[in-house]
Protein chains: 2
Amino acid sequence: MTSETVRPDLREGPKRETVRRALARTDGFVSAQQLHLEINAGGDSIGLATVYRHLGALAEQGDADTISVASGQLFRTCTRPGAHHHHLICDSCGTAADIAPADEEWIRTAAREHGFTVTHHRIEVFGRCRECLDSE
Amino acid sequence: MTSETVRPDLREGPKRETVRRALARTDGFVSAQQLHLEINAGGDSIGLATVYRHLGALAEQGDADTISVASGQLFRTCTRPGAHHHHLICDSCGTAADIAPADEEWIRTAAREHGFTVTHHRIEVFGRCRECLDSE
DNA sequence: ATGCGTGCAAACGATTTGCAGAGAA
DNA sequence: TTCTCTGCAAATCGTTTGCACGCAT
């Protein structure tokens, strides 16, 4: 439960940018494998392990957001680095959008009632994006 | 992305109750493996696969909540079956509490601005529980 | 020569599945 | 007998790691 793993490997390198760009090109959250496929399909050549390594590093630096789903971790370019925001994810196509948080004071209040001190939270909203709604 | 997997296996059985009880006994979210260990340590005997099968079934029926973290899925007895609620999770010991949602209208509003129709959402609040705070 | 980023393939760890045995109906 | 729950072991699958090669300093 207490983490903080420092990767003895990898610092930067040309592929870092390749991954960063590919990630920026995607609309929603993508898995490392999907991204790997897209990169190679797009002409560039990169190894799966390298994609994992760079995605991990990007996420650690706060340049990418990640969410965990049953099938693994998904990544997305963090459009507002450092800024607090949440995600709106299309159930059907995976497209995602950032949404600004509203009043979140109730979170601290509710937590206090349970004797908790809040460190951070995550809100994920699922639904259908306009395009998927149209094509149904 | 479109789910709805019906398990051709398992309906009920004596072990279902074993799993349900063991799950009810735990404070926070537990992994299938942890639960498997605890069950066997508690005198009962059960196979890991069976634990997975029943946990999956319980979650499907709404008798258990689950969250996905990097290391896999975690389960917890759903204390208010069917009722909408969110989770407050202790970063340090994993203890969890249910919290009642506050006004969530802003979610639909924000979604609408992006052309989304909301189907569901999830709020996970992380922090430190009273006990962990005390022992630090 | 030395160091570091990469790719490939092997290693891993969590979860799922195939299959045979046991007990209930 | 017949059906279904179980357990075990094998199979999957996403992710990580070991190691050797190649370019840049």
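Since the structure is predicted, the reported quantities are computational estimates derived from the model, not experimental observations. Convention: sequence-line order gives letters A, B, ...; per-chain numbering from 1.
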Below 3.5 Å is the cut-off: list the nitrogen or oxygen pairs between protein and nucleotides 8-15 of chain C, distance only.
residue, atom, partner, partner atom, Å
dA14(C), O5', Gln33(B), NE2, 3.4
dT15(C), OP1, Gln73(B), N, 3.0
dT15(C), OP2, Tyr52(B), OH, 2.3
dT15(C), O5', Tyr52(B), OH, 3.2

_side chain to side chain donor-acceptor pair (under 3.5 Å) against Glu38(B), all qualifying residues, sequence neighbours excluded_ = none

*Mind checking whether Phe75(A) and Leu35(A) have side chains closer than 4.5 Å, heavy atoms only?*
no

*Round to the nearest Å and state the distance from Asp44(A) atom CG to dG7(C) atom P.*
10 Å

_Atom pair distance, as rounded to whole Å: CZ in Arg20(A) and P in dG5(C)_ = 14 Å

*Between the two end axes of the helix from dA1(C)-dT25(D) to dA25(C)-dT1(D), each built from 5 base pairs, what angle do you get to the nearest 10°?*
0°

*Starting from C1' on dG7(C), measure out to CD1 on Ile39(A) and report it in whole angstrom.*
14 Å

*Using ring-ring contact (aromatic ring centres under 6.0 Å, His included) as the criterion, list what pairs up with His86(B), not counting sequence neighbours.*
His84(B), His121(B)

*Could you check how far CD of Glu17(A) sits from P of dT6(C), rounded to whole Å?*
11 Å

*ring-ring contact (aromatic ring centres under 6.0 Å, His included) involving His36(B) - partner list, sequence neighbours excluded*: none

*Send over the distance from His54(A) NE2 to dG7(C) C1', rounded to a whole Å.*
11 Å

*Side chains of Gln33(B) and Val51(B) in contact at under 4.5 Å (non-hydrogen atoms)*: no

*With a 4.5 Å heavy-atom cut-off, do Gln34(B) and Leu37(B) have their side chains touching?*
no

*Could you pull out the closest heavy-atom pair between Lys15(A) and Ser45(A), with the gap in Å?*
NZ-O, 2.7 Å

*Could you tell me which residues satisfy side chain to side chain donor-acceptor pair (under 3.5 Å) with Thr66(A), sequence neighbours excluded, listed by chain and number?*
none

*What's the CD-C1' distance between Glu12(B) and dA24(C), to the nearest Å?*
15 Å

